Amino acid sequence: YHMQVSRQDVLDVTMCPSQHEMPHFSKFSFTPRNILLKESPCFVLKMMQDLGFIDTFRIKQDILVRFILYVRKGYRDVPYHNWSHAFSVAHFAYLALKNFELVEKGYFTQLEALAYFISCLCHDIDHRGTTNSFQQQSNSVLASLYSSEGSVMERHHLSQTICTLNTEGCNFLESLSKDDYVKCLDLIKDMILATDLASHYKIHSRQLTLAQEGYDKTQPEHRYYLASLLMTCADLSDQTKDWAETKKVAQLIYAEFFAQGDLEKKMGKTPANMMDREKASIPDHQLEFLTQCCICIFRILATIFPHAKVLVDAIKQNILCWESSKRIFEKFKLEGKTSYEVLVSEE
Ligand SMILES: COc1ccc(Cl)c(-c2nnc3c(C)nc4ccc(C(=O)NCC(C)C)cc4n23)c1
Ligand SMILES: [Mg+2]
Ligand SMILES: [Zn+2]
């Protein structure tokens with residue numbers, strides 16, 4: 001049995017407004033979260049066509065459509081880690097491939113480019129809106145499966161990706177040669193596991209060094225670190241958009257964090273401050289995340305790709321906005337409002 005994908009489904013997915021009516025679709029300033037959700041599968045198809053994957057790998061359209069619809073179905077209705085996040089992360093992969101000319105300039109082979117795009121689309125499949133540490137704390141089934149290797153959620157997202165490919169009528173990679181198929185799955189594994197922020201912190205200094213010494217495309221180690229960096233950048237790409245977008249995304253992230261904090265309180269555990277809706281100071285936490293984590297990652301990217309400077313500038317702009325909004329949060333705090341109430345009420 002495979003999900004009934006009718007002729008109409010295929011037509012719906014193939015008939016969306018062409019990107020050519022949206023000239024800025026391939027600009028870093030484009031905000032993919034404003035694409036209508038019902039049109040998003042079609043835009044995934046259009047991006048893959050535009051990147052040349054369909055022709056290069058002789059991908060069958062109806063199988064690809066079924067795969068995309070299954071991946072979308074694999075995401076849950078949680079505030080942040082949902083299909084809309086997956087779609088926006090895949091859109092950033094599309095932007096990076098086109099604006100940095102990753103294949104044209106030899107940073108990625110076409111196969112690595114395909115693996116990068118698909119890994120972004122699938123990297124958070126079946127996310128429950130809770131962190132890796134919550135899996136351990138709550139002795140979840142996923143923790144019992146994967147906690148010995150670490151990156152519990154990311155191993156689950158990888159497993160869900162493989163399962164979706166192995167669902168009848170969904171394996172659009174079947175047209176690849178045996179070698180390419182095995183290589184592609186290997187790349188998807190490395191790329192999805194690289195989205196564990198804890199793994200990023202382990203290799204951050206190594207990435208900084210190789211960017212400063214001069215990226216060497218011929219070294220497999222360099223290629224691995226670049227792919228990891230590009231995955232983390234895609235995962236955090238919301239932070240490179242304008243302030244209105246950044247504020248909306250913060251509301252979603254903290255809705256998810258505070259729901260986990262509420263759950264931890266019910267379990268008799270004390271949540272981390274950033275998960276506690278009564279204690280969290282959102283502007284301070286966001287300033288810490290943007291200045292200590294986010295901007296550093298995009299600065300490394302800009303060392304390798306000068307075009308990425310606009311992304312660093314966008315993050316700097318958002319840091320300024322959090323700085324100035326801090327005063328508003330403090331004023332309302334004196335009136336007894338939590339920072340979440342201010343965030344969602346602020347005009
Ligand atoms: C790349 O992988 C991920 C995974 C999960 C998330 Cl939510 C994010 C992410 N994407 N946007 C954000 C923003 C704007 N702020 C964040 C503030 C804190 C944290 C965080 O994970 N702190 C560690 C603690 C949970 C152990 C993540 C944040 N974040 C990225
Ligand atoms: Mg993730
Ligand atoms: Zn993600």
Side-chain angles (χ1 to χ4, degrees), residues 32-33 71 74-76 78-93 119-137 142 146 150-161 188 191-204 207 228-241 243 245-261 263-264 271-276 280-298 301 314-315 318-319 321-322 339-340 343:
R33 288 175 174 276
V71 169
Y75 280 87
R76 296 193 185 194
V78 289
Y80 180 75
H81 285 104
N82 51 40
W83 167 254
S84 180
H85 168 62
F87 177 73
S88 64
V89 172
H91 179 260
F92 181 86
S119 298
C120 284
L121 197 69
C122 301
H123 83 284
D124 274 333
I125 291 189
D126 197 35
H127 201 292
R128 289 91 193 275
T130 52
T131 60
N132 279 338
S133 56
F134 182 82
Q135 305 313 316
Q136 325 273 27
Q137 296 300 316
L142 299 183
Y146 304 120
S151 300
V152 172
M153 285 314 301
E154 291 73 24
R155 287 186 192 281
H156 178 57
H157 304 317
L158 172 64
S159 147
Q160 292 295 95
T161 303
I188 289 171
M191 289 175 175
I192 290 184
L193 292 184
T195 61
D196 178 0
L197 214 45
S199 309
H200 162 75
Y201 290 128
K202 286 182 196 136
I203 62 173
H204 176 77
Q207 288 168 326
S228 304
L229 183 76
L230 283 163
M231 285 305 292
T232 311
C233 287
D235 210 356
L236 298 174
S237 56
D238 286 324
Q239 301 311 308
T240 66
K241 308 297 182 183
W243 173 239
E245 207 65 14
T246 303
K247 218 168 50 175
K248 265 190 272 177
V249 163
Q251 290 174 12
L252 302 177
I253 288 191
Y254 286 95
E256 206 167 278
F257 279 173
F258 296 155
Q260 174 175 321
L263 213 49
E264 286 167 336
N273 277 1
M274 79 175 195
M275 303 279 182
D276 188 334
S281 166
I282 293 172
D284 292 321
H285 184 238
Q286 279 304 292
L287 281 167
E288 186 191 339
F289 184 76
L290 289 182
T291 54
Q292 307 303 320
C293 173
C294 229
I295 200 163
C296 312
I297 294 167
F298 281 91
L301 191 71
I315 296 172
N318 285 320
I319 287 171
C321 290
W322 279 115
S339 60
Y340 187 70
L343 183 68

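Only a predicted model underlies this, so the values are computations on that prediction, with no experimental measurement involved. For ligands, and for the atoms within them, numbers begin at 1 and follow the listed sequence.
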May I ask you to decide if the ring planes of [X] and [Y] are parallel, tilted or perpendicular, using 30° and 60° as cut-offs?
X    : Y    : value
F258 : Y340 : perpendicular
F87  : W83  : tilted
Y146 : H156 : tilted

Scan side-chain atoms only and decide if [X] and [Y] contain a donor-acceptor pair under the 3.5 Å cut-off.
X    : Y    : value
N132 : E154 : yes
T195 : D235 : no
Q260 : E256 : no

Sorted by chain and residue number, which protein N/O/S atoms are under 2.8 Å from the Mg ion (ligand 2)?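 For the Mg ion (ligand 2), the protein N, O and S atoms that sit under 2.8 Å away are D124 OD1.
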Q207 vs S228, side-chain hydrogen bond (donor to acceptor under 3.5 Å, both in side chains): CA-CA, chis, key distance, verdict: CA-CA 9 Å; Q207 288 168 326; S228 304; 4.9 Å; no
Could you tell me whether D238 and K248 have a side-chain N and a carboxylate O separated by less than 4.0 Å? no
May I have the angle between H85 NE2 and D124 OD2 with its vertex at the Zn ion (ligand 3), rounded to 10°? 90°
Is the distance from the Zn ion (ligand 3) to some N, O or S atom of H123 under 2.8 Å?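 Yes - counting backbone and side chain alike, H123 has an N, O or S atom under 2.8 Å.
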Would you mind reporting whether W243 and W322 have side-chain heavy atoms less than 4.5 Å apart?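 A side-chain contact exists here, since the closest heavy-atom pair is under 4.5 Å.
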Side-chain heavy atoms of M153 within contact of R128, under 4.5 Å: yes
Tell me which N, O or S atom from D235 is the closest to the Zn ion (ligand 3).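 Of all N, O or S atoms belonging to D235, OD1 is the one nearest the Zn ion (ligand 3).
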Looking at the rings of H123 and H85, which for Trp means the six-membered one, are their centres under 6.0 Å apart? yes
For ligand 1, which of its N or O atoms have a protein N or O partner closer than 3.5 Å, and how long is each gap?
from	atom 1	to	atom 2	distance (Å)
ligand 1	2 (O)	T195	O	3.4
ligand 1	2 (O)	D235	OD2	3.4
ligand 1	15 (N)	Q286	NE2	3.2

